[in-house]
Amino acid sequence: MKKLNIALIGYGFMGRTHSNAFRQSAKFFDLQYEPVLKCVCARNPEKAKAFADNWGYETVESDWRKVVERKDIDVIDIAAPNNVHAEIAMAAAKAGKMILCEKPLSMDGPEGKKMVAAVEKAGVPNSVWYNYRRVPAVTLAKKLIDEGRLGRIFHYRAKFLQDWTINPELPQGGAGLWRLDVKVAGSGVTGDLLAHCIDTAVWLNGGVDKVSAMTETFVKERKHSLSGKVEKVGIDDACAFLARFKNGSLATFESTRYARGHKALYTLEINGEHASIFWDLHDLHRLQWFDHNDEGQVRGWRNLHISDGDHPYMKHWWVPGLQIGYEHTFTHQFADFVKSLEKNDPCPPSFRDALETQHICDAVLKSGKTGRWEKVPGVK
Ligand code: SOE
């Protein structure tokens with residue numbers, strides 16, 4: 001097996017999901033490359049060392065610039081906060097490294113465009129961790145749509161609901177809470193949560209033509225963890241938008257961190273001419289399926305348990321009927337990435353695919369301000 005030397009930059013929640021994927025992928029998937037956890041890079045040396053010891057990274061660095069220049073690194077995996085994605089990715093591309101990048105790709109569309117230009121100029125393999133595409137039930141939804149079983153699609157409906165920022169005493173900024181700091185995150189729920197919904201939606205249902213959004217920041221000021229001062233909150237706490245897809249279907253999207261009782265409720269529903277699909281992250285191994293072609297007297301919503309060997313990815317795991325979970329979506333993505341290297345194919349979503357999501361997010365945030373329908377700029 002050829003070695004694939006990986007350097008992880010950032011070691012928060014996402015650093016753990018990625019590290020787990022690197023560890024698991026070659027054990028469950030038949031890969032021609034062996035992932036080697038070569039280096040973890042983070043500013044705090046003690047914490048980085050503890051992370052390296054736990055996951056088995058061979059070395060620790062505190063300056064990502066050094067990592068990017070290291071000759072023994074093949075893949076740079078960016079799991080650091082959003083405001084440093086661009087700088088790291090562009091330097092990594094220049095150094096000829098393959099790049100994996102946590103979502104969202106960038107702070108905004110113009111920044112994302114530069115990242116796309118950099119990886120495409122360098123010709124380096126690149127992929128963005130929009131992991132929910134690789135929930136087997138969601139992957140199956142894509143297959144059913146591509147087979148034409150839904151027919152013309154009329155409606156797309158997605159929600160991503162959380163409740164963890166309701167407390168006004170919760171500070172913004174710093175480790176764990178940078179998602180509340182607009183200078184680091186770029187936006188609030190739009191870039192963090194709706195970006196997932198948008199990525200899946202574009203993958204399943206094609207491009208978005210225009211959007212009309214409303215956004216709200218419920219808690220206007222929060223103490224900043226780094227400055228210790230009370231500062232204005234610049235992120236969107238909640239966002240709901242209407243969208244018209246290029247294929248003529250109508251869509252509604254909603255996301256908030258203020259839906260008391262909901263921790264990570266990502267749901268999507270698609271209604272087509274012949275069939276409908278519903279999926280819920282809290283029940284991620286199930287796909288609800290309604291097929292109008294069924295015989296009338298037994299027609300109804302079917303509750304498919306996506307755990308059989310002929311379901312996407314499932315033959316690599318346990319015996320039929322036994323489930324997998326959230327972490328496996330990252331393992332699937334990394335296994336697909338390695339396979340894409342073997343075949344010299346792209347591993348979607350590429351930076352360019354993720355730029356499309358970024359442009360939609362920009363149009364949504366713009367519409368939230370202008371109160372008007374906003375056209376989504378083209379990327380392809
Ligand atoms: C936010 O709480 C978050 O961790 C996102 O950043 C992830 O992308 C999402 O998958 C789960 O929620």
Side-chain angles (χ1 to χ4, degrees), residues 8-21 77-85 100-107 112 127-139 158-167 170-182 184-203 217-219 222 225 233 235-239 253-268 279-284 324-334 349 353-354 357-358 360-361 364:
L8 169 71
I9 301 181
Y11 59 11
F13 165 33
M14 285 303 138
R16 289 163 57 222
T17 61
H18 299 184
S19 302
N20 180 57
D77 179 29
I78 306 170
N82 304 347
N83 63 333
V84 291
H85 287 188
L100 298 169
C101 184
E102 189 39 54
K103 50 59 58 176
L105 175 67
S106 53
M107 297 286 274
S127 192
V128 179
W129 293 93
Y130 278 113
N131 59 301
Y132 296 112
R133 287 184 179 207
R134 288 171 167 95
V135 174
V138 177
T139 315
K159 287 192 180 118
F160 206 137
L161 311 179
Q162 298 188 331
D163 73 352
W164 61 281
T165 63
I166 294 178
N167 178 1
L170 191 72
Q172 56 172 317
L177 295 170
W178 60 263
R179 284 179 175 78
L180 277 68
D181 180 354
V182 74
V184 180
S187 70
V189 294
T190 300
D192 192 36
L193 302 178
L194 281 173
H196 279 301
C197 303
I198 294 166
D199 172 74
T200 321
V202 170
W203 187 52
T217 305
F218 294 118
V219 176
R222 289 183 188 272
S225 307
V233 173
I235 57 158
D236 44 307
D237 286 336
C239 174
F253 291 81
E254 184 194 359
S255 186
T256 177
R257 293 178 178 142
Y258 289 70
R260 182 63 89 201
H262 291 304
K263 305 301 169 188
L265 185 70
Y266 176 10
T267 56
L268 65 88
W279 174 78
D280 170 355
L281 176 58
H282 284 189
D283 219 357
L284 89 179
I324 59 165
Y326 169 76
E327 68 273 31
H328 299 81
T329 62
F330 294 89
T331 305
H332 296 162
Q333 177 149 357
F334 186 67
D353 297 327
T357 295
Q358 213 64 54
I360 297 170
C361 289
V364 165

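Worth knowing before you read on, the calculation uses all heavy atoms, side chains too, and leaves out hydrogens, waters and symmetry mates. Note that ligands are numbered from 1 as they come in the structure, with each ligand's atoms numbered from 1 the same way. As the structure is a prediction and not an experimental result, all values here were calculated from the model.
Counting atoms of ligand 1 from 1 in the listed order, those under 4.0 Å from a heavy atom of Arg179 are 1 (C), 6 (O). Interface of Phe13 with ligand 1, defined as ligand atoms under 4.0 Å from a residue heavy atom, comprises 4 (O). Less than 4.0 angstrom separates some heavy atom of Lys103 from each of these atoms of ligand 1: 5 (C), 6 (O), 7 (C), 8 (O). Near Tyr132, meaning under 4.0 Å from any of its heavy atoms, are these atoms of ligand 1: 9 (C), 10 (O), 11 (C).
If you run side-chain hydrogen bond (donor to acceptor under 3.5 Å, both in side chains) between Arg257 and each of Asp192, Asp237, Thr165, only Asp192 comes through.
Residues Trp203 and Asp353 have side chains that never bring a donor and an acceptor to within less than 3.5 angstrom of each other. Looking only at atom types and distance, the side chain of Tyr266 has a donor-acceptor partner in the side chain of Thr200 under 3.5 Å away.
No side-chain heavy atom of Val189 sits less than 4.5 Å from a side-chain heavy atom of Phe160.
For atom 9 (C) of ligand 1, the candidate residues are Arg257, His196, Gln162, Lys263; the nearest heavy-atom contact is made by His196.
The distance criterion of under 3.5 Å between nitrogen or oxygen atoms is not met by Glu102 with respect to ligand 1.
Salt bridge present: Lys263 and Asp163 bring a charged side-chain N and a carboxylate O closer than 4.0 Å.
For atom 5 (C) of ligand 1, the nearest protein heavy atom (residue, atom name, distance) is Asp192 OD1, 3.3 Å.
Applying the side chain to side chain donor-acceptor pair (under 3.5 Å) test to Ser255 and every residue at least two apart in sequence or in another chain returns nothing.
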